[in-house]
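Here is the structure we will look at, set down as structure tokens.
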Amino acid sequence: MWVLIVEDEIRLADLIRRGLEAEGFSVAVSHDGVEGEELAALNRYDALIVDWRLPKQDGRTLIKNLRAAGNQVPAIMLTALGDVEHRVAGLEAGADDYLPKPFSFEELVARLRAVTRRPPIAEFDHILTAGSVVVNCDRRSVEISGEPEFLRPKEFALLEMLLRRRGDVISRSVLAERIWGSALYVTDNVIDVTVSGLRSKLNAGFKGTTPDLEIVTVRGVGYSLREIEKTS
């Protein structure tokens, strides 16, 4: 497994590098956000370990830029900023997991192996349709009844997951793990607010016509996307 570490604390980066190499990983290191993004864009790493506070460009922007370019390499964000607001911001930018400093090396390795076990997006269909909704996963675009609809990153990820598992009831813990990167740092309220925003945009997108999709709340469990049969 080939891992890129983007960390400006040289001693810490070296400790992580040597520890990962002892575990059998191949490791590359960068000490600033601009170079880190360039390396991640040029090479096919299996995972990234990215610090939040970096020279030239912060880690959150680095990950956000990679995701905007379609690069879905798993990424773990490291930071001394351990409050909930920063954790959510990092995950919203596209990080797959979040590890506050100081951390144990054993936990870092466990999280690294966990995020790289998730199936790559390339294995899935890239055009998803249900009712009047069309999602282009490559372009990160959504059309409802033939008109474009803007979704925030987590709303898009939520819609994509609901479409891929249409009809299934998906628990909040699974949504937190797959969309926010960890069930440890995401509250039910954060998930519910994202679902509410997506539900509102779906309903608005039908522009007065009868909706043919709905997000159903299964109390105490989670959510399900279901098609509505239109009656004549």
Side-chain angles (χ1 to χ4, degrees), residues 63-64 67 72 74-77 83-100 107 110-137 140-145 149-206 210-230:
I63 294 173
K64 187 175 182 179
R67 298 297 185 249
Q72 299 296 328
I76 297 175
M77 179 164 281
D83 58 271
V84 173
E85 182 180 353
H86 282 95
R87 289 199 295 267
V88 172
L91 296 170
E92 285 279 4
D96 296 274
D97 204 348
Y98 193 105
L99 194 55
E107 183 177 5
R111 288 175 180 266
L112 186 60
R113 287 179 170 147
V115 298
T116 54
R117 281 198 298 268
R118 298 171 190 163
I121 289 178
E123 292 182 1
F124 299 120
D125 293 333
H126 293 282
I127 305 294
L128 305 174
T129 61
S132 302
V133 177
V134 179
V135 174
N136 187 315
C137 298
R140 313 294 289 177
S141 65
V142 178
E143 289 187 359
I144 303 175
S145 300
E149 183 69 35
F150 172 77
L151 299 184
R152 298 177 63 189
K154 293 308 179 205
E155 291 172 343
F156 185 94
L158 173 62
L159 177 59
E160 180 182 354
M161 187 170 184
L162 289 170
L163 282 170
R164 292 193 188 282
R165 294 183 54 182
R166 191 185 326 162
D168 294 344
V169 178
I170 307 175
S171 69
R172 286 183 175 85
S173 61
V174 169
L175 291 173
E177 177 68 27
R178 296 301 302 272
I179 295 175
W180 281 267
S182 173
L184 297 176
Y185 305 127
V186 181
T187 65
D188 284 351
N189 184 61
V190 170
I191 297 171
D192 293 344
V193 168
T194 303
V195 170
S196 178
L198 175 60
R199 183 182 277 142
S200 296
K201 290 179 180 179
L202 285 177
N203 290 336
F206 291 108
T210 304
D212 52 23
L213 284 178
E214 63 176 341
I215 300 174
V216 178
T217 301
V218 181
R219 293 189 180 279
V221 183
Y223 297 96
S224 178
L225 184 71
R226 300 176 186 174
E227 292 192 54
I228 303 171
E229 293 185 8
K230 291 188 176 182

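What you are looking at is a predicted structure, and each value in this text was computed from that prediction instead of being measured.
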Minimum heavy-atom distance between L151 and V142, given as atom pair plus value: CD1-CG2, 3.6 Å
Polar side-chain atom of S200 near backbone of S196 as donor-acceptor pair, under 3.5 Å: yes
Passing option when I170 is tested against L225, L162, V221, V218 for side chain to side chain contact (heavy atoms under 4.5 Å, CB included): L162
Donor-acceptor pair, side chain of R172 and main chain of D188, under 3.5 angstrom: no
For Y223, the option from V169, D168, V195 that meets side chain to side chain contact (heavy atoms under 4.5 Å, CB included): V195
Distance, nearest 0.5 Å, that separates CG of D192 from OG1 of T217: 7.5 Å
From CG (L213) to CG (L159), nearest 0.5 Å: 8.5 Å
Electrostatic pair R111-D96, nearest N-O below 4.0 angstrom: no
CG-OG1 distance between N136 and T129, expressed to the nearest 0.5 angstrom: 11.5 Å
Closest non-hydrogen atom pair between A95 and M77, with its separation: CB-CB, 4.2 Å
Interatomic distance, R166 atom CZ to L128 atom CG [nearest 0.5 angstrom]: 8.0 Å
Heavy-atom pair with the smallest gap, counting every atom of I63 and G94: CG2-C, 3.6 Å
K201 NZ to F156 CZ distance, which is reported to the nearest 0.5 Å: 12.5 Å
From L198 atom CG to I215 atom CD1, the distance as rounded to the nearest 0.5 Å: 4.0 Å
Shortest non-hydrogen separation from M161 to L175 and the atoms involved: SD-CD2, 3.8 Å
Heavy-atom check, side chain of E143 versus side chain of E149, under 4.5 Å: no
